[in-house]
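What you are looking at is a predicted structure, and each value in this text was computed from that prediction instead of being measured. Residue numbers begin at 1 in each chain, while the letters A, B, ... track the order of the sequences.
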2 protein chains.
Amino acid sequence: MSIRKGRSVTISDVAEAAGVSRAAVSKVIRNAYGVSPGMRARVETAIEELGYRPSVAARALRGSSYRLGLETPHINARFMGQIMHGAKQAVDGTPYQVILAPADGPEYSTLESLADGLVDGIIAVSPLVDTAWLENLAGRVPVVMLGRHDDPRGYDTVIGDDHAGTRAVMRHLFELGHRRIAHLTEPSPVTAPGSGTPHAIRLEVYRACMAEAGLGHLTHVARRHDNTVPATRAAAELLAAPEPPTAIVAGHDDIALDALDAIVSAGMRDRVAVVGYDNTDLAAHPLIDLTSVDQQGVEMGAQAATMLLERLQGRTEPRHYIATTTLHVRGSSIPPV
Amino acid sequence: MSIRKGRSVTISDVAEAAGVSRAAVSKVIRNAYGVSPGMRARVETAIEELGYRPSVAARALRGSSYRLGLETPHINARFMGQIMHGAKQAVDGTPYQVILAPADGPEYSTLESLADGLVDGIIAVSPLVDTAWLENLAGRVPVVMLGRHDDPRGYDTVIGDDHAGTRAVMRHLFELGHRRIAHLTEPSPVTAPGSGTPHAIRLEVYRACMAEAGLGHLTHVARRHDNTVPATRAAAELLAAPEPPTAIVAGHDDIALDALDAIVSAGMRDRVAVVGYDNTDLAAHPLIDLTSVDQQGVEMGAQAATMLLERLQGRTEPRHYIATTTLHVRGSSIPPV
DNA sequence: ATGAAAGCGCTAACAG
DNA sequence: CTGTTAGCGCTTTCAT
């Protein structure tokens with residue numbers, strides 16, 4: 001917190017002030033082996049007095065930046081908050097920091113730009129990028145992917161149990177007596193069959209459950225579309241059908257909120273059930289009161305960051321973590337009328 | 001998008017492949033003056049073929065990282081989304097990118113760590129840091145501060161018109177007939193009188209309006225407290241009073257949501273009005289339907305980023321932007337019973 | 001218009 | 001235990 005003017009103080013300044021070599025200062029700031037207590041003390045004093053802060057750029061060029069990058073698609077933003085929280089928690093007490101790189105468009109470019117030497121490791125939610133491409137990326141910098149149901153060798157993964165979570169939702173709705181259940185989800189690329197994205201799996205499980213219950217003919221999948229059809233409109237269209245669904249299974253809570261919006265706007269508040277996914281903070285709000293699947297976002301974020309730290313410490317075998325899910329039943333899942 | 005193995009390709013590799021000097025490659029990638037079309041073409045081809053990406057660390061060490069840092073306190077997260085969006089929009093088409101640095105605890109350290117050579121400029125929301133300290137920081141790297149009503153020379157500011165916004169809220173409530181109006185806001189440090197933070201100003205204006213209306217004796221300020229008293233509880237206490245307020249003016253929308261939570265839980269849904277601030281996306285949701293002050297968060301973010309870009313291009317005189325406010329009246333501001 | 005060369009601030013061998 | 005040295009990949013004078 002010392003205040004200094006002008007060009008910033010470098011490791012040489014500290015070395016000079018403490019009467020030691022730059023290497024010695026470097027060792028001190030990295031807690032490296034081989035520094036006498038006396039020297040350490042003098043160096044630390046000098047650092048303090050000069051208000052020295054190591055240049056991230058220089059460190060990164062030579063070794064580590066001590067930054068972990070979290071790529072966050074703005075989609076599903078509320079869930080990302082949980083991830084973020086967990087990740088920060090996990091790096092607490094380490095020299096590492098988490099920075100966020102918001103991905104607007106193509107995820108490739110955001111990931112590349114993170115890998116361009118800015119960070120020592122990457123946590124990302126990029127369901128659509130190619131596995132081979134990711135393996136390659138992971139060869140240059142440690143990578144943990146969130147929400148990928150693939151089984152890669154080069155990077156770690158953290159996923160929720162989308163099968164169990166979705167089955168719990170369907171069972172719950174069936175038990176309530178619902179038969180005409182629709183699924184409202186993300187645009188096709190993210191839900192393409194076999195793509196292995198969480199949303200693709202939720203969709204598959206939805207279909208499977210409907211079929212198993214002998215309700216295959218009532219299967220109905222609606223999607224929002226980027227920049228053209230917001231989820232609210234997709235939901236409204238669902239509700240305007242001659243025989244509207246009695247329950248809507250939303251791909252995640254943000255979509256569920258939009259579904260609720262459409263339902264309320266259509267004056268069908270107590271005729272259509274809604275279930276979300278992620279159990280974001282809003283779900284518990286009494287005005288929303290949304291039944292939702294909790295997949296431990298905070299824990300997922302923490303695991304992801306921890307895995308990255310392990311990689312940074314030398315682990316090379318891949319690890320894959322699966323978070324358990326819990327259905328939180330709230331007021332939005334009413335029985336059919 | 002080319003895929004390569006092993007150690008990443010450097011500027012030397014490109015230079016060699018194109019049969020030119022490294023300096024030439026550097027000029028090409030920076031669009032600098034003094035490259036023949038022929039050379040440019042060959043270099044670009046080589047870059048493409050090799051999948052070359054400049055190292056951010058190396059560039060930063062020597063000049064710019066082409067990264068703009070946005071420090072975001074997790075408080076008031078929904079508003080930050082607007083800022084973020086605007087900032088990204090503003091850097092679109094420039095070589096710059098926005099990265100986020102979430103500030104958990106002391107803002108000083110997050111700011112420092114951004115300034116440690118990671119970014120070329122900083123946008124921050126740090127109401128509590130010392131002006132002199134900030135001026136110093138701004139001497140090392142361009143800084144734009146959001147929500148600071150001070151008049152600094154070294155950095156730029158972007159603020160909303162908190163006076164006008166809050167006056168609009170109070171006028172609206174008075175016109176509805178409210179007299180017993182409470183204010184629910186952030187913990188004291190951020191609302192300390194004279195601190196010049198947006199929340200301090202909103203509080204002052206609230207007090208002033210109450211006094212001007214001859215209602216000084218009904219002034220009632222409640223606060224949430226970090227980690228001890230959530231806003232929901234502070235609101236609940238307000239409602240439990242013998243003569244509860246008929247309207248609650250919340251410091252921002254997230255607090256307003258908590259107030260609504262408490263009100264609904266207390267079964268006082270149609271007896272207490274609530275007004276928020278920031279007009280976040282949720283305010284318009286029919287289940288929330290929150291009257292709120294719009295202070296153009298997206299525009300604020302865009303302005304902030306633009307100002308940073310201007311600084312990076314050489315501007316040195318400070319600029320200060322004030323966003324206008326608009327009150328969006330919705331269902332949450334009911335008249336007193 | 002092009003290239004050679006000198007660093008930016010730091011870390012990692014390697015000597016002493 | 002401590003210091004010397006050689007770069008990391010890039011930008012930037014300054015010659016040519």
Between [X] (side chain only) and [Y] (backbone N and O only), is there a donor and an acceptor less than 3.5 Å apart?
X	Y	result
Asp130(B)	Ala132(B)	yes
Thr45(B)	Ala41(B)	yes
Arg42(A)	Ala18(A)	yes

Using a cut-off of strictly less than 4.0 Å, decide whether Tyr66(B) has a side-chain nitrogen or oxygen near OP1 or OP2 of dT11(D).
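Answer is no, no contact under 4.0 Å.
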Can you check whether Arg59(A) has a side-chain N or O nearer than 4.0 Å to OP1 or OP2 of dT11(C)?
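Answer yes for this pair, as a side-chain N or O of Arg59(A) is under 4.0 Å from OP1 or OP2.
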Can you list every pair that meets salt bridge (charged side-chain N to carboxylate O under 4.0 Å, His left out) and has a residue in residues 88-102 of chain B, with sequence neighbours left out?
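Passing the test, one end in residues 88-102 of chain B: Asp104(A)-Lys88(B).
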Which pairs with one or both residues in residues 64-74 of chain B pass salt bridge (charged side-chain N to carboxylate O under 4.0 Å, His left out), sequence neighbours excluded?
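Applying salt bridge (charged side-chain N to carboxylate O under 4.0 Å, His left out) to every pair that reaches into residues 64-74 of chain B, excluding sequence neighbours, yields nothing.
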Please tell me which of the listed nucleotides, dG9(D), dG7(D), dG9(C), lies nearest to the side chain of Arg62(A)?
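The answer is dG7(D).
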Contact residues, residues 14-22 of chain A to DNA chain C [heavy atom, < 4.0 Å]:
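Close to the strand are Arg22(A).
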Just wondering, more than 12 heavy atoms not from [X] lying within 6.0 Å of its [atom1]?
X	atom1	value
Glu16(A)	CD	no
His85(A)	NE2	no
His149(A)	NE2	yes

What residues from residues 26-43 of chain B pass a heavy-atom cutoff of under 4.0 Å to DNA chain D?
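Under 4.0 Å from DNA chain D: Ser26(B), Ile29(B), Arg30(B).
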Could you check whether any side-chain heavy atom of Met307(A) comes within less than 4.5 Å of a side-chain heavy atom of Tyr321(A), counting everything from C-beta outward?
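Side-chain contact under 4.5 Å: yes.
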Terminal axes of the helix from dA1(C)-dT16(D) to dG16(C)-dC1(D) (five pairs each): angle between them, nearest 10 degrees:
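Roughly 40°, once rounded to the nearest ten degrees.
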Measure [atom1]/[X] against [atom2]/[N] and give the value in whole Å, please.
X	N	atom1	atom2	value
Ile11(A)	dG7(C)	CD1	P	19 Å
Asp116(A)	dC8(D)	CG	P	18 Å
Asp13(B)	dC8(D)	CG	P	11 Å

Closer than 4.0 angstrom, basic N to acidic O: yes or no for Arg153(B) and Glu135(B)?
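Salt bridge flag = no for Glu135(B) with Arg153(B).
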Of Ala24(B) and Ala58(B), whose nearest nucleotide on DNA chain C comes first from the 5' end?
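Going by which nucleotide is closer to the 5' end, it is Ala24(B).
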Those residues that, when tested against Leu312(A), pass side chain to side chain contact (heavy atoms under 4.5 Å, CB included) (two or more places apart)
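Partners of Leu312(A) by the side chain to side chain contact (heavy atoms under 4.5 Å, CB included) criterion, ordered by chain and then number, come out as Leu68(A), Tyr96(A), Asp120(A), Pro142(A), Leu309(A).
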